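Worksheet: one structure, shown below.
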Amino acid sequence: MKRKKIAFVIAALLLLVSAGIYFYYGFLFKEARNIESEMPDFSMTATKLLNEYNSNPKKADSLYLNKTIEITGKVTKETDSVVIIENNLFCLFTNKTKDKLINNNTTVKGKCIGYDELFQEVKLDQCTINKQNN
Amino acid sequence: MKKKLINFVVILFLFISGTQGFAQKLITKTGSIKFQATMPSYEEVAAENKSVSAVLEQSTGDFAALVLIKGFRFKVALMEEHFNENYMESEKFSKATLKGKIEGFDASKITNASKNFTLNGDLTIHGKTKPVSVIVKISKAANGVNAIGTFEVKPEDFDIEIPSMVRKKIADKIKITYNFLLIK
């Protein structure tokens with residue numbers, strides 16, 4: 001009888017501890033979204049995304065905001081942390097490679113953070129270069 | 001015929017000088033905004049956005065800045081999620097803007113030593129607009145100007161509700177620091 005009770009208490013304790021650990025790591029200290037390893041929700045050309053944002057920013061926001069998108073297009077400008085594709089798609093990198101990308105067709109993956117009306121630009125952040133096709 | 005040609009040349013000149021007037025714009029796309037809402041002895045509540053857009057019209061001092069809320073990065077992922085979903089509702093209000101005029105701005109008087117200017121304008125956060133007056137420190141930089149400064153906002157001014165449970169962990173006044181390197 002007593003042994004049964006002890007076994008029960010131990011089982012309950014184990015359950016509680018594992019639930020605690022799960023809550024602690026899975027919820028409180030959940031890893032940030034890792035855009036680099038996420039599968040893209042959309043895959044399209046830069047021109048198509050820009051056209052959709054230019055014609056109806058609200059609708060495009062509801063489709064793409066906060067989503068991981070894979071974009072293909074020609075790099076028109078690049079600086080230390082930024083690559084601009086097709087003049088109006090702004091991609092912010094966390095750590096950018098030293099590859100020369102300018103004027104090349106490139107595929108970039110990033111999180112869409114919205115539309116910038118000042119420059120009519122769509123912005124992506126946490127970008128990574130997926131592949132480069134000259 | 002000759003008169004027509006002269007007219008044409010005059011119009012052409014006007015046109016060129018007109019477009020040069022447009023070239024007075026200084027811009028940045030990679031300005032930074034940090035905010036700090038940490039209470040002493042509680043967990044740090046702070047985030048940074050490094051992709052802020054801003055435009056300064058040199059001839060008039062008109063200034064506009066736009067920041068996308070989803071671009072704010074926190075150290076703690078859960079905090080970033082709460083910030084976006086519960087407080088800023090960034091699905092609905094994806095951006096914050098500041099539009100206004102820098103009083104007495106004169107590009108020719110900007111030197112390497114930073115000088116204080118007052119920016120009067122409208123600050124829009126969380127879909128709500130409030131008039132603000134902000135001190136901007138402007139100094140000369142290569143090919144443009146550097147504008148930096150700090151101001152404080154209260155969440156309740158912009159209808160941002162903070163539940164009483166976390167109220168004491170978040171400062172009443174949120175300190176916003178910005179840094180724009182505006183170039184031609």
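Proteins get letters first, then strands, A, B, ... in listed order; numbering begins at 1 in each. Given the structure is predicted, the values throughout are model-derived calculations rather than measurements.
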Which atoms of D61(A) are under 4.5 Å from chain B, going by heavy atoms: the side chain, the backbone, both sets, or neither?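 The answer is the side chain of D61(A).
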
- Of the backbone (N, CA, C, O) and the side chain (C-beta and beyond), which part of K111(A) lies under 4.5 Å from a heavy atom of chain B, both, or neither?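 Just its side chain gets close to chain B.
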
Q) Any side-chain heavy atom of F83(B) sitting closer than 4.5 Å to one from F35(B)? A)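 Yes; the side chains approach each other to less than 4.5 Å.
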
*pair N104(A)-K74(A): side-chain heavy atoms closer than 4.5 Å*: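 They are not in contact (no side-chain heavy atoms under 4.5 Å apart), so the answer is no.
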
Notebook entry, point to check: Are E38(A) and K109(A) close enough for a salt bridge, meaning some N to O gap below 4.0 Å?
Noted result: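 Judged by the 4.0 Å cut-off on N to carboxylate O distance, E38(A) and K109(A) do not form a salt bridge.
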
* Atom pair CG (L92(A)) and CD1 (I113(A)), whose distance is rounded to the nearest 0.5 Å ->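 Those atoms lie 7.0 Å apart.
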
Is a side-chain donor-acceptor pair under 3.5 Å present for [Y] with [X]?
X	Y	value
T72(A)	E70(A)	no
T129(B)	D122(B)	no
N88(A)	Y53(A)	no

Exercise for review: Report, by ascending residue number, the residues of residues 117-126 of chain A in heavy-atom contact with chain B at a distance under 4.5 Å; give 'none' if the set is empty.
Suggested key: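 Those residues of residues 117-126 of chain A which have a heavy atom under 4.5 Å from chain B are E117(A), L118(A), F119(A), E121(A), K123(A), D125(A), Q126(A).
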
> Between K29(B) and chain A, which part of the residue has a heavy atom less than 4.5 Å away: side chain, backbone, both or neither?
Replying inline: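 Backbone plus side chain of K29(B), per the 4.5 Å heavy-atom cut-off to chain A.
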
Chain A heavy atoms under 4.5 Å from E91(B): which part of the residue, side chain, backbone, both or neither?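 Both backbone and side chain.
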
Given V45(B) and K169(B), is the side chain to side chain contact (heavy atoms under 4.5 Å, CB included) satisfied, shown in steps?
CA-CA 8 Å; V45(B) 183; K169(B) 295 182 187 172; 5.7 Å; no

Worksheet item: In terms of heavy-atom pairs under 4.5 Å with chain A, which of S94(B), S51(B), S90(B) leads?
Response: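 Most heavy-atom pairs under 4.5 Å with chain A: S51(B).
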
